[in-house]
2 protein chains.
Amino acid sequence: MATFTSKDVARLAGVSQSTVSYVMSGKRPISEETRRRVLDAIDRLTYEPNAGARALASQRTKVVGLVVPFGVGVDTTGLLPFIETIAGAARARDHDVLLVTADEGSAGIRRLAGRSLCDAIILMDLQTVDDRLAVAANVRTPVILIGVPADPHGMHCVDLDFAEAARLAVGELAATGHDRLALIGHPADIVLRDLNYVRRFADAARSAAAGHGLPLEIIAPVEWGREAAGDAAARLAAIDARRLGVVVPASNTVQPLLHALNARGLVPGRDLSVIGLLTDAAAAEGEPPVTNVSLEPRDVSRRAMQTLFRLLEDRTAPPLIDLITPQLTRRQTVLPGP
Amino acid sequence: MATFTSKDVARLAGVSQSTVSYVMSGKRPISEETRRRVLDAIDRLTYEPNAGARALASQRTKVVGLVVPFGVGVDTTGLLPFIETIAGAARARDHDVLLVTADEGSAGIRRLAGRSLCDAIILMDLQTVDDRLAVAANVRTPVILIGVPADPHGMHCVDLDFAEAARLAVGELAATGHDRLALIGHPADIVLRDLNYVRRFADAARSAAAGHGLPLEIIAPVEWGREAAGDAAARLAAIDARRLGVVVPASNTVQPLLHALNARGLVPGRDLSVIGLLTDAAAAEGEPPVTNVSLEPRDVSRRAMQTLFRLLEDRTAPPLIDLITPQLTRRQTVLPGP
DNA sequence: TTGTACGCGTTATCAA
DNA sequence: TTGATAACGCGTACAA
């Protein structure tokens, strides 16, 4: 399979090389006749423009850099929908996605921007205060954040509205007559890394509980897996409440905790309530199906890409902070109201 | 943040631009003195070579194209370790990873190769007979397959040895005195797509069972989720066996099936045996921990990247078909031998 | 409506 | 040991 250049196409079509270029870009009126001839030649040679040459000449790579939280010992569950949606949105506008792992830290961002490997960068998994932000903000390549750090350094942020998620969960438990709430914390490493959404959720949960006049106990940190869930269940069992409402913001903890509670004879939806923060898909597949506030990875990703292309091509001004509203879905783990 | 070129570096270091290039590539002896001056200038300008220009001149992109099974309505569980490991291995040799989703079909491969977007392609999630193979085999860019299709078209294949995995599972059940085996099938869409490993596993399981003189019943297809697992459990319960051994090659089905069996009062490890094909991590976290034959996504990915770089840079001949041997780990879901 | 010619930032060849 | 200089393949300003 030989590889052809626009010159080859030009020769075959009997036009100049620049005409080929203009046919492809549509940046100049072309007669129907030559247009046809060029497209035909392109077709016959299965010509594809060389990405490097194009990037060099046009200063556009048609590549989106995506910094994903690999290798930082972090929750990687639920990451796939983000990647998938971002890749899809990129393709829809003839862009590709270059993956960079977060364990590179700011070096990855410098490389993406410095080498002109991409036209824009999406940065995920932000800490509340993140070293990479200073670098990201000082780079020519536009950077979109998925997450809302304490100081966005002027960059565009897109994320789920975790504060609203907390309010929804607490509000539902308040409305169904619970007299005490417990908030299950994230694993220690997540808390230590101070991921931005942890704090956003917890703070809002606290003040929402206060607003409803409900005592809120924090059970934290809770690691993943059976044993930790067992311990947490024990601590929940020890709480003296008529109707206890438990909020679980760490998706991974939901299922093990439900099991652990069951094992203690505490049936969620009968003896106490559990609301989890997890995708609708995961919640519906739960055992039992769990009442949840949705993480909307697809919506968030789509919006991030929308912001990206508005910045890059449409040149309209997207909102600086763009929060997606989560949805509460009632399933089987919350006691019916009295 | 301005962006500098090698020309800027050259001027600052007081050398010619080609010298800068040679300092970076090390393809020519450079005096210690100028070498120092150049590196210093690079440092002061935080110079990074332009990827497009480099690719254009060197015919090397330092990018690996990865075709992942997004958007084909396919099992995407267990995909992350592949991506993660591949990205890590790429970075270790100063390469990046460009993601292409499988829903593009062969168009994605054509684009990667035609536009010279990458130096090599890794193709995952192969069907036994896969349309993309003809295209992949006819492209200048080397393609490495993760999976073993019926006809690899001369391309290099790396994968888990699914036949050996089946033999291990069946062998273990035979050794522990089971008198009847059941093989739980994959969901219908997987079977319909005829993914290469499905058949490799099933065929080997069948002949291993025959070799041990054990009757093997095929329960298929079994969709994911509660209900399907319940049905499968019912069919298993109906089997007339003294000691029934169940083999579950679809990772996702293991956990729901264990639950469904328990719900019927059939306790795996007490009343019957279950061996799953899933990663050690997933098996250990199972409820209960499940005896498994390991899928080794990390090993497979590492080997694929090793193959890739041997082809690309080391220029040594890797094996055409490279199979990783799975491991059997005894946990709690298999009856002890009599 | 189309062609010519230059520049994008590297790598690599040929001289010195 | 180093410096000019010609590709690499495409986009686009300038001419016609």
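First the proteins, then the strands, lettered A, B, ... as listed; each starts at 1.
- The nearest whole Å value for the distance from the NZ atom in B:K7 to the C1' atom in C:dC8 is 10 Å.
- Across the protein-nucleic acid pair, B:R115 atom CZ and D:dG11 atom C1' stand 15 Å apart, rounded to whole Å.
- Remark: side-chain polar atoms of A:D40 are not paired, donor with acceptor, to backbone N or O of A:R37 under 3.5 angstrom.
- Side-chain N/O atoms of A:S21 include one lying less than 4.0 angstrom from OP1 or OP2 on D:dG11.
- Note: B:L112 CG to B:I121 CD1 = 4.5 Å, rounded to the nearest 0.5 Å.
- Contacts between residues 22-34 of chain A and DNA chain C, defined by a heavy-atom separation below 4.0 Å, involve A:R28, A:P29, A:I30, A:S31, A:T34, listed by number.
- Between A:S16 and C:dG3 there is a side-chain polar atom (N or O) within less than 4.0 angstrom of OP1 or OP2.
- Here the CZ atom belonging to B:R115 is positioned 9.5 Å from the OH atom belonging to A:Y47, to the nearest 0.5 angstrom.
- In this structure, CZ of B:R36 is placed 16 Å from P of D:dT1, rounded to the nearest angstrom.
- Taking atom NZ of residue A:K62 and atom P of nucleotide D:dC10, one finds them 14 Å apart after rounding to whole Å.
- We find that CZ of A:F4 is positioned 17 Å from C1' of D:dC10, with the value rounded to whole Å.
- In this structure, A:S18 does not reach the D:dT12 phosphate: none of its side-chain N or O atoms is under 4.0 Å from OP1 or OP2.
- The shortest distance between the side-chain N/O atoms of B:T5 and the OP1/OP2 oxygens of C:dG9 is not below 4.0 Å.
- When each of D:dC10, C:dT10, D:dG3 is scored by its nearest atom to the side-chain atoms of A:S6, the top-ranked nucleotide is D:dC10.
- Map A:Q17 and B:A53 each onto its nearest nucleotide of DNA chain D; the residue landing nearer the 5' end is B:A53.
- Closest heavy-atom contact between A:G147 and A:P149: O-CD, 3.6 Å.
- To the nearest angstrom, P of C:dG9 lies 12 Å from CG of B:L56.
- In this structure, A:D131 places its CG atom where only 12 or fewer heavy-atom neighbours from other residues, nucleotides or ligands lie under 6.0 Å away.
- Remark: P of C:dC8 and CG of A:N50 are 18 Å apart, rounded to the nearest angstrom.
- Atom-to-atom, CG of B:D8 to P of C:dC8 comes out at 11 Å; the value is rounded to the nearest Å.
- Expressed to the nearest 0.5 Å, how far CZ of B:F70 lies from CG of B:D125 amounts to 11.0 Å.
- Every residue two or more places apart in sequence or in another chain that forms a ring-ring contact (aromatic ring centres under 6.0 Å, His included) with B:F309 is listed here: B:H95.
- Counting any heavy atom pair closer than 4.0 Å across all strands shown, A:V20 reaches no nucleic acid atom.
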